[in-house]
Undergrad: 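Here it is, the structure in full.
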Number of protein chains: 2
Amino acid sequence: MAGYPQFELDHQLCFALYTASRAMTRAYGPLLADTGLTYPQYVTLLALWRDPGQPRSVGELGERLHLDSGTLTPLLKRLAAMGYVTRSRDAADERRVLVTLTTDGLALRDRLAAVPMAIASCLGMAPSEGMALRDQLTTLTASLEATR
Amino acid sequence: MAGYPQFELDHQLCFALYTASRAMTRAYGPLLADTGLTYPQYVTLLALWRDPGQPRSVGELGERLHLDSGTLTPLLKRLAAMGYVTRSRDAADERRVLVTLTTDGLALRDRLAAVPMAIASCLGMAPSEGMALRDQLTTLTASLEATR
DNA sequence: CACGTTCATATTGCGTGCAATAGGATTGCG
DNA sequence: CGCAATCCTATTGCACGCAATATGAACGTG
């Protein structure tokens with residue numbers, strides 16, 4: 001009574017991806033709990049920590065994170081409410097909103113310095129495997145987004 | 001000025017996973033639009049199509065899909081409202097709610113028979129690569145969930 | 001057979017994701 | 001310069017995810 005092998009859950013790349021992504025997000029929970037951050041908020045800070053003195057527009061962050069303003073605007077307001085970033089209109093172009101790390105937001109980078117290693121220890125794979133997997137996923141994302 | 005290489009966005013497996021998973025979900029959107037299904041609803045139907053005559057409890061579905069009742073209960077109510085499943089208390093154990101495919105819900109399996117192939121053609125990789133990636137992700141999920 | 005414990009699902013609250021739309025700023029073309 | 005097209009962000013609406021809690025059913029021990 002198989003008949004529809006293409007629908008078998010465990011054969012589907014999409015399902016493995018969906019499940020792994022949520023498992024990863026859950027794994028970050030306990031590591032971020034002290035700071036009150038969610039995983040998407042943490043990722044947003046990763047983008048800002050890259051060059052701490054440099055304000056980023058909502059659009060730049062969205063392009064970097066593959067998120068739109070409908071997600072970022074409220075997320076950034078929460079980061080601002082927690083005191084980790086400030087939001088202000090760009091004087092040179094009043095359409096843009098610039099997001100800047102605060103001292104507290106930058107300080108989080110030190111408080112969370114051990115997080116990547118802690119996650120790495122939960123992956124059950126060698127760093128080289130993780131990097132290979134990461135590169136395959138990045139390629140996959142590019143293919144999926146090219147089909148739009 | 002690097003200083004924190006462990007925080008580089010493009011070095012993070014978690015971010016590649018997060019981005020790829022959302023890209024995959026978006027890729028399903030147009031393919032499911034005709035049926036009114038979301039991707040999580042589609043995955044739930046995959047679990048039910050496996051053995052169409054067999055009712056599944058909310059708990060069984062949750063274990064299979066790695067989702068809890070907070071997600072599944074409203075999702076299943078929407079599937080029921082669309083006429084694709086029915087929900088009823090198990091007479092043998094009134095705590096349990098049994099989810100059963102309707103005729104329409106089963107018919108979707110034929111209407112969507114081409115979807116897996118359509119997705120496969122967007123992945124930019126050979127089937128064997130996709131299967132290998134899927135298996136790595138499944139292993140990763142197991143490792144992440146073992147650390148709970 | 002009472003009754004405390006465990007189990008299965010539902011509800012609540014909050015934070016995403018994302019499509020669709022709105023609203024104000026800037027740009028470019030005539 | 002005027003103004004339509006474009007750009008950028010915000011808002012709205014809906015559907016997840018998931019932790020925490022509630023509710024009612026079933027079970028187990030005395």
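To find a chain, count down the sequence lines: A is the first, B the second, and so on, and within it residues start at 1.
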Undergrad: For A/Thr102, which residues count as a side chain to side chain contact (heavy atoms under 4.5 Å, CB included) partner, sequence neighbours excluded?
TA: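 For A/Thr102, the residues satisfying side chain to side chain contact (heavy atoms under 4.5 Å, CB included) (neighbours in sequence not counted) are A/Thr86, A/Asp104.
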Undergrad: When you look at CD of B/Glu63, are more than 12 heavy atoms from neighbouring residues, nucleotides or ligands closer to it than 6.0 Å?
TA: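 Counting neighbours around CD of B/Glu63, 12 or fewer heavy atoms of other residues, nucleotides or ligands fall under 6.0 Å, so no.
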Undergrad: Whole angstroms only, please: what is the CG-P distance between B/Asp93 and C/dT6?
TA: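 Checked: the CG to P distance equals 17 Å.
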Undergrad: Below 4.0 angstrom, which residues in residues 55-66 of chain B have at least one non-hydrogen atom near DNA chain C?
TA: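 Only B/Ser57, B/Val58, B/Gly59 qualify.
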Undergrad: Where along residues 73-91 of chain B does a heavy atom fall under 4.0 Å from DNA chain C?
TA: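 Here the set is B/Thr73, B/Lys77, B/Arg87, B/Arg89.
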Undergrad: Indicate yes or no for a side-chain donor-acceptor contact from A/Asp68 to the backbone of A/Thr71 under 3.5 Å, with no hydrogens or angles considered.
TA: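 Between the backbone of A/Thr71 and the side chain of A/Asp68 there is a qualifying donor-acceptor contact (under 3.5 Å).
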Undergrad: Given C/dT9, C/dT26, D/dC18, which nucleotide is nearest the side-chain atoms of B/Asp68?
TA: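 Among C/dT9, C/dT26, D/dC18, the one nearest the side chain of B/Asp68 is D/dC18.
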Undergrad: Of the listed nucleotides (C/dC18, C/dA25, D/dG17), which one gets closest to any side-chain atom of A/Glu94?
TA: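 Of the options given, the side chain of A/Glu94 lies nearest C/dA25.
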Undergrad: Within the structure provided, determine whether B/Leu75 and B/Pro40 are in side-chain contact (heavy-atom separation under 4.5 Å).
TA: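 Yes, side chains in contact.
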Undergrad: Identify, with sequence neighbours excluded, every residue that meets side chain to side chain donor-acceptor pair (under 3.5 Å) alongside A/Arg56.
TA: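 Result, side chain to side chain donor-acceptor pair (under 3.5 Å) vs A/Arg56: none returned.
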Undergrad: In whole Å, I'd like the distance from the CG atom of B/Leu72 to the P atom of D/dA19.
TA: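 Distance check: B/Leu72 CG to D/dA19 P gives 14 Å.
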Undergrad: Does B/Ser21 use its side chain to pair, donor to acceptor, with the backbone of B/Leu17 at less than 3.5 Å?
TA: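 Side chain of B/Ser21 to backbone of B/Leu17: no pair is present.
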Undergrad: Do A/Met125 and B/Leu140 have side chains that get closer than 4.5 Å, going by heavy atoms?
TA: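 They are in contact (side-chain heavy atoms under 4.5 Å apart), so the answer is yes.
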Undergrad: Measure from the side chain of B/Ser69, starting at C-beta and using heavy atoms only, and say which of C/dT9, C/dC18, D/dT9 lies closest.
TA: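 Nucleotide nearest to B/Ser69's side chain: C/dT9.
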Undergrad: Rounded to whole Å, please give me the gap between CZ in B/Arg22 and C1' in D/dC16.
TA: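 Interatomic distance, CZ of B/Arg22 to C1' of D/dC16: 14 Å.
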Undergrad: What residues in residues 30-45 of chain B put a non-hydrogen atom under 4.0 Å from any atom of DNA chain C?
TA: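 Result for residues 30-45 of chain B: none.
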Undergrad: From CD of B/Glu145 over to C1' of D/dG17, roughly how many Å is that when rounded to an integer?
TA: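 In whole Å, D/dG17 C1' lies 14 Å from B/Glu145 CD.
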Undergrad: Within less than 4.0 Å of OP1 or OP2 of D/dG17, is there a side-chain N or O belonging to A/Arg26?
TA: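 The answer is no; no side-chain N or O of A/Arg26 sits under 4.0 Å from OP1 or OP2.
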Undergrad: Considering only C/dA25, C/dC18, D/dA25, which nucleotide approaches the side chain of A/Leu67 most closely?
TA: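 My answer, after comparing the listed nucleotides, is C/dC18.
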Undergrad: Taking the six-membered ring for Trp, are A/Tyr28 and A/Tyr42 parallel (under 30°), tilted (30 to 60°) or perpendicular (over 60°)?
TA: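 The rings of A/Tyr28 and A/Tyr42 sit tilted, inter-plane angle from 30° to 60°.
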Undergrad: Donor-acceptor pair, B/Gln12 side chain versus B/Gln6 backbone, under 3.5 Å?
TA: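 Yes.
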Undergrad: Quick one, B/Leu61 and B/Leu48 - any side-chain contact, counting heavy atoms below 4.5 Å?
TA: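 Yes, their side chains come closer than 4.5 Å.
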Undergrad: With nearest nucleotide decided by heavy atoms, which residue, B/Gly70 or A/Gly70, maps closer to the 5′ end of DNA chain C?
TA: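 Going by which nucleotide is closer to the 5' end, it is B/Gly70.
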Undergrad: Taking all non-hydrogen atoms of both residues into account, name the closest pair between B/Gly36 and B/Met82 and its distance.
TA: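 Reported closest heavy-atom pair: O-SD, 3.8 Å.
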Undergrad: A/Tyr18 OH to C/dG17 C1': how many Å, rounded?
TA: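 Distance, rounded to whole Å: 12 Å.
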Undergrad: Regarding B/Arg109 and the six-membered ring of A/Phe7, is the cationic atom NZ or CZ under 6.0 Å from the ring centre and inside 45° of its axis?
TA: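 Judged by the rule, B/Arg109 and A/Phe7 form no cation-pi pair.
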Undergrad: Please enumerate all protein N or O atoms sitting under 3.5 Å from an N or O of nucleotides 2-5 of chain C, with distances to 0.1 Å.
TA:
none

Undergrad: Does C/dC7 have OP1 or OP2 under 4.0 Å away from a side-chain N or O of B/Arg96?
TA: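 It does not, given that no N or O in the side chain of B/Arg96 lies less than 4.0 Å from OP1 or OP2 of C/dC7.
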Undergrad: Between A/Thr25 and A/Arg95, which residue's closest nucleotide on DNA chain C lies nearer the 5′ terminus?
TA: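 Its nearest nucleotide being more 5', the pick is A/Thr25.
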Undergrad: Contact between B/Val85 and B/Thr44 at the side-chain level, heavy atoms closer than 4.5 Å - yes or no?
TA: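 Side-chain contact under 4.5 Å: no.
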Undergrad: Using the side-chain contact (heavy atoms from CB on, under 4.5 Å) rule, take A/Tyr18 and B/Leu67 through it: C-alpha gap first, then chi angles, then the decisive distance, then the call.
TA: CA-CA 11 Å; A/Tyr18 173 62; B/Leu67 290 170; 3.9 Å; yes
